[in-house]
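Inspection log for the structure reproduced underneath, given as structure tokens.
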Amino acid sequence: MSAIRFDDVWKEYGDHIVLERITLEVAPRAFLALVGPSGCGKTTFLRMLLGEERPTRGQILIDGVPLQPEPDADRGVVFQRYSVFPHLTVLQNVLLGRELQHSKFLGRLFGAAKKAATDEAMALLAEVGLKGHEDKYPSALSGGMQQRLALAQAVMRGPKILLLDEPFGALDPGIRADIHVLMKRLWNETELTVVMVTHDLSEAFRLATRVIAFERNRDRPEERERYGATISRDLEIYPRRTAQLRAVAPIRSGRDDPAEQGA
Amino acid sequence: MRLINLRPSRQLAIYMAALPFVLVAIGYVLGSEARLAENPNDKLLPALSTMAQAVKQMAFQLDARTGSYLMLSDTIASLGRLLSALAISTAAALVFGIVIGLLPAANAMLGSFVSVTSMVPPLALLPILFIVMGLGENSKIALIVIGTLPGMIRDLSMRVLELPREQLIKAQTLGASSWQIALRVVLPQILPRLIDSLRLQLGPAWLFLIAAEAIASDSGLGYRIFLVRRYLAMDIIIPYVIWITLLAFLMDFALRLLQRKAFPWFASVRAE
């Protein structure tokens with residue numbers, strides 16, 4: 001639930017320009033889908049937003065404040081693979097964010113604090129359809145269930161922005177449809193601004209409030225290095241989608257600051 | 001059918017695994033009988049009964065001079081050195097491996113130093129160790145540590161670097177500090193790999209142990225072998241070698257078992 005602003009952002013690797021002249025305002029609680037051909041800088045865009053890469057020029061602002069140059073708990077992420085920790089069970093994976101938040105030295109909770117966090121994690125696991133799988137290791141889960149777990153893990157920590165890097169790209173169509181339903185519900189019931197990179201146009205239009213297409217305007221071989229991709233289309237989905245008022249029993253955010261009412 | 005597709009059945013596989021051992025044993029017995037038939041005092045390939053007699057004397061009869069069971073006290077002395085050295089190596093490798101693998105600054109400072117030190121031939125340092133630390137236990141333990149530690153550090157830091165980038169990013173988005181990442185993400189995932197590393201270093205560790213004991217010692221399995229070598233006592237040397245091999249094999253087996261039981265998630269991660 002944060003406004004994001006890209007202010008004339010360029011990304012270059014040496015002489016190679018990947019992205020140029022990216023200026024973009026994203027409203028709080030938007031669901032932004034980024035589409036475009038391979039190698040057009042969608043993932044670079046996401047990595048800059050994550051804080052993993054720095055823009056070469058320009059700046060990125062979140063709620064008017066320049067972005068920290070490293071990932072932090074304000075921005076959750078789900079990758080296509082390796083998003084969950086293989087050495088932790090399903091329940092431990094979801095608990096991890098809370099344990100790291102409240103136990104600075106050991107990174108583990110005990111007693112009543114652990115009990116409370118566990119109850120919350122179990123409720124969240126039930127929400128994402130992983131009830132009964134708490135004690136399994138991720139390798140025992142199907143691809144779709146692993147991504148559900150990754151979503152639950154990210155949401156448990158209560159990020160303001162959720163970044164998705166082709167999260168459902170490796171899933172079967174049926175499973176993908178199920179997880180779309182879940183994704184929509186999470187977006188409605190938490191206070192997230194979502195930015196999703198996807199190859200799947202129908203997915204982009206089904207989920208997002210706004211679809212951004214990246215494209216290289218000049219793609220002749222001799223021009224490739226010197227001209228980066230830029231935003232070629234910026235489509236608001238019509239009829240306009242907005243996040244629903246939060247449900248009666250919303251998924252609780254782990255943030256300490258009070259969320260805006262009816263955001 | 002192609003050879004690469006021919007798989008022995010489970011039972012056949014067991015027989016096939018046993019075959020080389022049986023062949024070596026048969027070969028030894030035949031050779032021993034042939035030599036003893038020619039010269040009953042031949043010491044090179046003693047008969048099984050002679051070796052059994054030697055084992056009985058070394059392992060189960062009190063030695064009159066020292067008042068102890070020689071094979072037992074040798075084993076205790078050697079294992080004490082080996083295990084304390086491996087404990088030092090393992091603990092140090094764990095700390096340095098994680099620090100070098102996780103912190104780019106530590107990697108920049110220590111990475112090439114470790115690579116260079118791992119190329120120093122440890123046995124060439126043995127005289128220095130004897131001069132500096134004396135002929136006691138410390139120099140032997142130090143030799144094993146020097147022989148195994150750089151390799152383990154290198155191995156472990158590479159394992160840390162091999163962890164998917166996504167995991168470290170994800171941990172940061174869950175609010176983890178560097179310390180918390182080391183403690184909750186990297187350490188538990190490195191422990192099973194540490195066992196692999198330790199298994200690989202068992203061979204070198206035994207090598208350096210026997211070498212150090214052979215050169216200057218008054219107890220230990222290697223000391224005993226090199227002592228009785230003067231009398232061509234093959235009836236003692238051969239059982240000792242078999243005993244050392246068995247100990248090393250059991251340690252390897254125990255580590256493998258520990259890895260499987262303590263880290264049930266690891267098999268599928270490694271399979272990827």
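Order of the sequence lines sets the chain letters (A, B, ...), proteins ahead of strands, with each chain counted from 1. Atoms considered below: every heavy atom in the structure, side chains included; atoms not considered: hydrogens, waters and symmetry mates.
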Query raised in the report: Looking at A:G107, A:G97, A:A154, A:P71, which one has more heavy-atom pairs under 4.5 Å with chain B than the rest?
Result: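 Most heavy-atom pairs within the cutoff with chain B belong to A:P71.
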Look up atom [atom1] in [X] and atom [atom2] in [Y], then write down how far apart they are to the nearest 0.5 Å.
X      : Y      : atom1 : atom2 : answer
B:L183 : B:L187 : CG    : CG    : 6.5 Å
A:F45  : A:L19  : CZ    : CG    : 8.0 Å
B:D74  : B:L221 : CG    : CG    : 5.5 Å
A:L50  : A:T43  : CG    : OG1   : 11.0 Å

Query raised in the report: Which of residues 81-95 of chain A have a heavy atom under 4.5 Å from any heavy atom of chain B?
Result: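 Those residues of residues 81-95 of chain A which have a heavy atom under 4.5 Å from chain B are A:R81, A:Y82, A:S83, A:V84, A:F85, A:P86, A:H87, A:L88.
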Query raised in the report: Can you name the residues of residues 140-151 of chain A that have some heavy atom under 4.5 Å away from a heavy atom in chain B?
Result: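 Answer by number: A:A150.
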Requested in this report: State, with a plain yes or no, whether a side-chain heavy atom of A:L67 is found less than 4.5 Å away from one of A:R75.
Outcome: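 The answer is yes; the side chains approach within 4.5 Å.
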Query raised in the report: Charged N to carboxylate O under 4.0 angstrom, B:D196 versus B:R270?
Result: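 Looking at B:R270 together with B:D196, the answer is yes, because their closest N to O distance falls below 4.0 Å.
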Requested in this report: Flag the pair A:R185 and A:E189 as a salt bridge only when some basic side-chain nitrogen lies within less than 4.0 angstrom of an acidic carboxylate oxygen.
Outcome: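 So A:R185 pairs with A:E189 through a salt bridge.
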Query - Within 45° cone of B:F263 ring axis and under 6.0 Å: B:K261 NZ or CZ - result: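 Checked: cation-pi criterion not met.
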Query raised in the report: Would you call the rings of A:W187 and A:F31 parallel, tilted or perpendicular, where under 30° means parallel and over 60° means perpendicular?
Result: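 Perpendicular.
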Query raised in the report: Which region of B:A171, side chain (C-beta onward) or backbone (N, CA, C, O), has a non-hydrogen atom less than 4.5 Å from a non-hydrogen atom of chain A, or is it both or neither?
Result: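 Contact with chain A: backbone and side chain both.
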Query raised in the report: Can you check whether A:G36's main-chain N or O pairs, donor with acceptor, with A:K42's side chain at less than 3.5 Å?
Result: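 Present.
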